[in-house]
Amino acid sequence: MKKAIIILSVFAVMVGAMIAELIFVNKFYNSLQAELEVVAESIELNESNVSNAETVALCEKVAGKWEKGKRTLLMLQNHNTVRNLDEKIVSLMEVVKSDNYNDAVIFAQSAINFVDDILLDSMPYLTNLL
């Protein structure tokens with residue numbers, strides 16, 4: 001009887017940890033995607049001067065948020081996925097600072113689409129399990 005209680009307790013702790021991981025990852029990526037969409041809007045509005053103070057500040061905010069969460073995500077998710085998104089965010093920031101409108105639009109949409117793909121893969125849907 002004691003073994004069954006221990007096994008059930010360990011199982012409950014594991015399920016709780018998995019749920020906490022799903023909630024953290026989902027919240028983090030949803031908020032990151034929302035901030036990336038704000039950056040994309042700012043880029044579209046300032047086509048002639050992409051490297052304005054507002055857009056650069058928004059990019060730095062996204063990069064700062066990403067740097068804070070990246071270490072945790074490296075423990076929870078596939079390393080290649082995290083590194084690919086890291087590359088996209090760093091590239092977006094550098095392209096915005098260099099005042100390159102076309103590349104800024106491409107990198108912003110690429111990062112938004114990549115986060116969307118991550119969100120679809122991180123939630124356990126029946127199609128992901130089969």
Side-chain angles (χ1 to χ4, degrees):
M1 184 67 178
K2 289 181 182 180
K3 288 182 182 180
I5 292 172
I6 292 171
I7 290 171
L8 289 175
S9 299
V10 170
F11 180 72
V13 168
M14 288 175 54
V15 168
M18 290 179 349
I19 291 171
E21 175 188 348
L22 284 173
I23 291 170
F24 171 77
V25 168
N26 207 2
K27 276 184 156 182
F28 183 81
Y29 280 125
N30 278 327
S31 65
L32 187 69
Q33 186 176 30
E35 290 182 16
L36 283 168
E37 288 172 357
V38 171
V39 170
E41 284 180 25
S42 180
I43 291 169
E44 290 290 333
L45 291 174
N46 300 303
E47 182 177 347
S48 60
N49 183 20
V50 175
S51 64
N52 63 44
E54 179 188 352
T55 308
V56 171
L58 289 171
C59 284
E60 288 174 351
K61 182 179 174 187
V62 168
K65 180 182 182 112
W66 174 248
E67 286 301 319
K68 286 181 183 176
K70 181 172 66 171
R71 184 176 219 138
T72 305
L73 290 171
L74 279 169
M75 290 185 280
L76 299 175
Q77 290 197 302
N78 184 338
H79 288 23
N80 289 332
T81 303
V82 175
R83 287 188 181 124
N84 284 339
L85 185 56
D86 183 49
E87 181 181 305
K88 290 179 187 314
I89 290 174
V90 169
S91 298
L92 172 64
M93 190 164 163
E94 294 304 318
V95 167
V96 166
K97 285 181 179 178
S98 70
D99 200 26
N100 189 335
Y101 171 75
N102 292 328
D103 287 344
V105 169
I106 290 169
F107 278 110
Q109 285 303 315
S110 175
I112 290 168
N113 293 338
F114 195 73
V115 170
D116 195 39
D117 289 342
I118 292 171
L119 285 170
L120 288 174
D121 287 341
S122 67
M123 291 302 289
Y125 296 108
L126 183 60
T127 55
N128 291 355
L129 299 174
L130 297 177

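Every heavy atom of this structure was used, including side-chain atoms; hydrogens, water molecules and symmetry mates were not.
To the nearest 0.5 Å, the span separating CZ on Phe28 from CG on Leu73 amounts to 5.0 Å. Summarising the geometry, atom CG belonging to Leu92 is positioned 10.5 Å from atom CD belonging to Gln109; distances are rounded to the nearest 0.5 Å. Summarising the geometry, atom CD1 belonging to Ile19 is positioned 12.0 Å from atom CE belonging to Met14; distances are rounded to the nearest 0.5 Å. Ile112 CD1 to Leu32 CG: the interatomic distance, rounded to the nearest 0.5 Å, is 9.5 Å. To the nearest 0.5 Å, atom CD1 of residue Ile7 and atom NZ of residue Lys3 are 8.0 Å apart. Atom CD of Glu87 sits about 11.0 Å away from atom CG of Asn80, to the nearest 0.5 Å.
You'll find the side chain of Glu44 reaches within 4.5 Å of the side chain of Tyr101, heavy atoms only. For the pair Leu58 and Val62, the minimum side-chain heavy-atom distance is 4.5 Å or more.
Between Cys59 and Val96, the shortest heavy-atom distance links the atoms SG-CG2, 3.7 Å. Closest of all the heavy-atom pairs between Ala108 and Ile43 is CB-CD1, 4.2 Å. Val115 and Gln33 get closest at one heavy-atom pair: CG1-CB, 3.7 Å. Between Asp86 and Trp66 the shortest heavy-atom distance is OD1-NE1, 2.9 Å. Between Tyr29 and Gln77 the shortest heavy-atom distance is OH-OE1, 2.7 Å. Taking each heavy atom of Lys70 and Val82 in turn, the nearest pair found is CG-CG1, 3.8 Å.
Both Val38 and Leu85 are assigned to one and the same hydrophobic cluster, defined by single-linkage of ILVMFWY side chains at heavy-atom distances under 4.5 Å. By the rule that hydrophobic residues join a cluster once side-chain heavy atoms approach within less than 4.5 Å of another member, Phe114 and Val90 end up as members of separate clusters. Residues Ile89 and Ile106 do not share a hydrophobic cluster, clusters being chains of Ile/Leu/Val/Met/Phe/Trp/Tyr side chains in contact below 4.5 Å. Val50 and Leu45 are members of different hydrophobic clusters when ILVMFWY side chains are connected at heavy-atom separations under 4.5 Å. Hydrophobic clustering (ILVMFWY, side-chain heavy atoms < 4.5 Å, transitive): Met18 and Leu119 are in distinct clusters.
Proximity of a side-chain donor or acceptor of Asn26 to a complementary backbone N or O of Leu22 within less than 3.5 Å is not detected. Between the side chain of Asn100 and the backbone N or O of Val95, no donor-acceptor pair lies under 3.5 Å. Under a 3.5 Å cut-off, the side chain of Ser31 and the backbone N or O of Lys27 do form a donor-acceptor pair.
Shown here are the salt bridge (Lys or Arg N to Asp or Glu O under 4.0 Å) partners of Lys65, two or more places apart in sequence or in another chain: Glu35.
A 6.0 Å sphere centred on CD of Glu60 holds more than 12 heavy atoms belonging to other residues, nucleotides or ligands.
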